[in-house]
Number of protein chains: 2
Amino acid sequence: MKRKVTLKQIAKELDVSISTVSRALSNSKEIGEETRQKIQAFAKFYNYRPNNIALSLKNKKTKTIGILIPEIVHHFFSTVIRGIEIVANKRGYNVIIGLSNESFSKEVINMEMLANGSIDGFILSISKETLLQQDYHHFKETISQGIPIVMFDRVINEVDCDKVIVDDYKGSINAVKKLIATGCKNIALITTMDYVSVGKLRTQGYLKALEDHRINPKASLILKLDDSLALEEHLDILEREIEQFFKNNDKIDGIFAVNELYAVTAMKVARKLDFRIPEDIQVIGFTDGVLSKHARPSLTTVSQHGQKMGEQAANLLIDRLELDDEEDDVYVDENEIDMDFKTVVIETELIERESTK
Amino acid sequence: MKRKVTLKQIAKELDVSISTVSRALSNSKEIGEETRQKIQAFAKFYNYRPNNIALSLKNKKTKTIGILIPEIVHHFFSTVIRGIEIVANKRGYNVIIGLSNESFSKEVINMEMLANGSIDGFILSISKETLLQQDYHHFKETISQGIPIVMFDRVINEVDCDKVIVDDYKGSINAVKKLIATGCKNIALITTMDYVSVGKLRTQGYLKALEDHRINPKASLILKLDDSLALEEHLDILEREIEQFFKNNDKIDGIFAVNELYAVTAMKVARKLDFRIPEDIQVIGFTDGVLSKHARPSLTTVSQHGQKMGEQAANLLIDRLELDDEEDDVYVDENEIDMDFKTVVIETELIERESTK
DNA sequence: TTGTAGGCGTTATCAT
DNA sequence: ATGATAACGCCTACAA
């Protein structure tokens, strides 16, 4: 077992000082040609690599990004991670992942754990429980400690930081307008409880689209579901809820669902009740995942471009990190808070498939 | 902006030595009651937390696990990550992720990047390109540097390390036997090229099941597909290939596919050709993902229990890491290589749904 | 009971 | 051209 070589060992072996080795390896020209050759050859032979941890301690930066998300077994989130990873890697950063599992306390613990030196900045999407409790102290504290945060998708106004979102409002409007344009008269909305900001915005988009076309929204056409129904164990309950909803509203000819699962389940129920899709009922879902592509019929969706969101988030964060670097040198007025946080909006895209005309 | 406090700052502020502060905070009883109180109160007020990086450097362990996988936007892999994360977190470890994107060089680079002190051990699944080139030097070097590796799912015999696999062979046998038991006479296999070990094993299981029932395998009933067809861009080609396959074999009454996508696509094609499922053709897929549950009809699958695999892998790795800790103290014969690597086999489970009788 | 000093691996500054 | 030293933040053996 050949442990990693250190500068010290090389120095001892070659009977020079540590600093000489360090300089030789960084190609400093104040080192004699022959010593440099010798040291570099030796280092190469023993496959010397500087120790990241030591560098991190010295430079006070780890070159790693902390990602904090509610759930990883989820097409959208993993897409975002992929985007982050691509950019991070290209720009010389690593990526460390924490899962909140939609729990406030796990989010806080994870954050504190990583904020103790392990990472230079966070990219995160807020857990549902946090959103519900509206307790954002951990974000604020982290930021006040000088650790920048970039939020994506599930963001909040209460915290000043860079954000990457999708235009949920506009995306929903477009989706519903598409349904209206293709002849739907009674468009149902299947959504979640309001505290998840994106759910709320999508609901508002739905209402706005109706309003723009002078269609009166009917409460009976809106189904608000508990999130827990999205869990695997409760798929059958979800199905029953939706079936009941259909039976109470026999004139439904269009459905806009705030996520893929609701949309696909609605299609399943509709077919079971002998509606034809898209002839009798058209369906559009928000979020473009695996299900949508492979559903029968395939589902028209509003794509969020998760990977692009991830890439943008990573670029925003790294830009800020490297900006901070420079500012460390020059004089910066402590009172002059940087108010110049960006919110990048990624355009949604309506991907038309078989579930609409 | 209140930066993180360090022991040094606290010491200076309270006019005691750094070691006194350190000891007071670790509740050492050789510190006077009052000084301890004072220091602890001060530390609490300023929300002192030891710096992870400094600890890592000192202890020569980072308490973080490196995960190296080919792809993250993939139900199985993200399930495994979830399992790893749960155990890692519970046992006080963080998780850092690298994606090889099925590329050999990215795998090597990622590995070297993380092996320079960032992590204590790896949990990984080998990229296809690596499997194809059969170049495993990076794994061996990492291990010889004293960094343990646990491989899962896509593993190889050539490297000595702990492994977590699913019994692909047995799982496939069971699946095919199920098809035989429910009356299938002409069972087709849809598989990948042989260099992906799991694909090979699943193919062998298929053959074995036939053999056990004295059924002669027919080459015409085996469709070997290029992996690239699993990419989104090529879904239509995949569909066409499978359709052609069906047309060349009009007696197929059962299908065993080595992954979910092939299985679902086969069902799609079968229905298009007016076969009824499961009456005319029964279908089973390996890997239980989102598609299987929501397909129409829902797909019978061989579940790999990804989360359990992740949990096992994490436990194996951490066990070894903490074992190494102890051994650092006692005398260990350098020549006495630890041959006692475990290979944990996770039992597969046949999840019966609507695509079989 | 408290302080001093050394070391983890690096790099940068200041001597020689 | 090379070496000694300090510093990053922490812990701990040894001194006092």
Side-chain angles (χ1 to χ4, degrees), chain A residues 3-40 42-43 46-63 115-120 145-147 325 328-329, chain B residues 3-40 42-43 46-63 115-120 145-147 325 328-329:
Chain A
R3 286 249 168 223
K4 298 240 69 168
V5 228
T6 67
L7 290 184
K8 198 183 196 175
Q9 288 161 17
I10 299 182
K12 194 164 123 195
E13 215 62 39
L14 264 44
D15 204 44
V16 289
S17 78
I18 296 181
S19 24
T20 303
V21 179
S22 173
R23 276 183 283 228
L25 293 178
S26 58
N27 265 315
S28 159
K29 52 189 56 178
E30 39 178 337
I31 293 294
E33 186 58 24
E34 48 171 353
T35 23
R36 195 200 326 183
Q37 298 282 332
K38 185 178 61 177
I39 292 175
Q40 292 194 345
F42 189 93
Y46 281 101
N47 195 28
Y48 169 80
R49 293 276 179 278
N51 180 307
N52 280 333
I53 297 293
L55 286 179
S56 297
L57 183 60
K58 177 132 226 338
N59 301 330
K60 292 179 150 237
K61 68 179 73 134
T62 59
K63 289 275 188 176
N116 294 321
S118 302
I119 52 93
D120 294 339
Q145 277 173 23
I147 302 179
D325 282 0
D328 280 350
D329 304 332
Chain B
R3 286 248 168 224
K4 298 241 71 169
V5 228
T6 67
L7 289 185
K8 198 184 197 177
Q9 288 161 16
I10 300 183
K12 193 164 122 194
E13 213 64 38
L14 263 45
D15 204 43
V16 290
S17 78
I18 296 180
S19 40
T20 303
V21 179
S22 172
R23 276 183 283 231
L25 293 179
S26 58
N27 265 315
S28 157
K29 50 189 56 175
E30 38 176 335
I31 294 293
E33 185 58 31
E34 49 171 352
T35 21
R36 194 195 332 179
Q37 297 283 330
K38 186 178 61 177
I39 292 174
Q40 291 194 346
F42 190 94
Y46 281 100
N47 194 29
Y48 169 80
R49 293 277 179 281
N51 180 307
N52 281 333
I53 297 292
L55 286 178
S56 298
L57 185 58
K58 174 137 228 341
N59 302 330
K60 291 177 151 243
K61 67 178 75 135
T62 59
K63 289 274 188 178
N116 295 322
S118 302
I119 53 91
D120 294 339
Q145 277 173 24
I147 301 178
D325 281 1
D328 280 350
D329 304 332

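Every chain is numbered from 1 and lettered A, B, ... according to where its sequence line falls, protein lines coming before strand lines. Small disclaimer: the values here were computed from a predicted structure and weren't measured.
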Please list each protein N or O that sits under 3.5 Å from an N or O in nucleotides 12-15 of chain C, with the distance.
{"residue": "dT13(C)", "atom": "O4", "partner": "R23(A)", "partner atom": "NH1", "Å": "3.4"}

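At the heavy-atom level, L57(B) lies under 4.0 Å from base atoms of the strands shown. No contact: S26(A) has no heavy atom under 4.0 Å from any strand. R36(B) comes within 4.0 angstrom of no nucleic acid atom, judged by non-hydrogen atoms across all strands.
Here the P atom of nucleotide dT4(C) and the NZ atom of K8(B) are 14 Å apart, to the nearest Å. What separates CD1 of I31(A) from C1' of dA1(D) is a distance of 6 Å, to the nearest Å. In this structure, the CG atom of N116(A) is 19 Å from the P atom of dC8(D), given to the nearest Å. Atom CG in L25(B) sits about 15 Å away from atom C1' in dT2(C), given to the nearest Å. Across the protein-nucleic acid pair, N27(A) atom CG and dT11(C) atom P stand 13 Å apart, rounded to whole Å. In this structure, CG of L7(B) is placed 15 Å from C1' of dT2(C), rounded to the nearest angstrom. Going from atom CD1 of I53(B) over to atom P of dG9(D) covers 12 Å, rounded to whole Å. As rounded to whole Å, 12 Å separates atom C1' of dG3(D) from atom CG of D15(A).
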Which pairs would a plain distance check flag for residues 54-61 of chain B, meaning a side-chain donor or acceptor within less than 3.5 Å of a matching protein atom at least two apart in sequence or in another chain?
{"residue": "S56(B)", "atom": "OG", "partner": "N52(B)", "partner atom": "O", "Å": "2.9"}
{"residue": "N59(B)", "atom": "ND2", "partner": "L55(B)", "partner atom": "O", "Å": "3.3"}
{"residue": "K61(B)", "atom": "NZ", "partner": "D325(B)", "partner atom": "OD2", "Å": "3.0"}

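Taking the side chain as every heavy atom from C-beta outward, L25(B) and I39(B) approach each other to under 4.5 Å. With a 4.5 Å cut-off on side-chain heavy atoms, K38(A) and L14(A) count as touching. In this structure the side chain of I10(B) never reaches within 4.5 angstrom of the side chain of Y46(B), judged on heavy atoms. A heavy-atom distance below 4.5 Å is found between the side chains of N47(A) and Q145(B).
Fit an axis to the five pairs at each end of the helix from dT1(C)-dA16(D) to dT16(C)-dA1(D) and the two axes sit 60° apart, to the nearest 10 degrees.
A pairwise comparison of heavy atoms in N116(B) and K4(A) identifies OD1-NZ, 3.0 Å as the closest pair.
Atom CD of E34(A) has 12 or fewer heavy atoms from other residues, nucleotides or ligands within 6.0 Å. Residue D15(B) places its CG atom among 12 or fewer non-hydrogen atoms of other residues, nucleotides or ligands, all under 6.0 Å distant.
Within the structure, every side-chain polar atom (N or O) of K61(A) is placed at least 4.0 Å from both OP1 and OP2 of dC8(D). Note on T20(A): a side-chain N or O is less than 4.0 Å away from OP1 or OP2 of dG3(D).
Counted by atom type alone, S26(B) and S28(B) present zero donor-acceptor pairs between their side chains at under 3.5 Å.
The side chain of K60(B) has dG9(C) as its nearest neighbour among dG9(C), dC10(D), dG3(C).
In this structure, E34(B) and N59(B) both approach DNA chain C, and ranking their closest nucleotides by distance from the 5' end singles out E34(B). Nearest-nucleotide positions on DNA chain C for E33(B) and Q9(A) put E33(B) closer to the 5' end.
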Starting from the C-alpha separation in whole Å, work towards a yes-or-no answer on side chain to side chain contact (heavy atoms under 4.5 Å, CB included) for V21(B) and K8(B). CA-CA 8 Å; V21(B) 179; K8(B) 198 184 197 177; over 6 Å; no
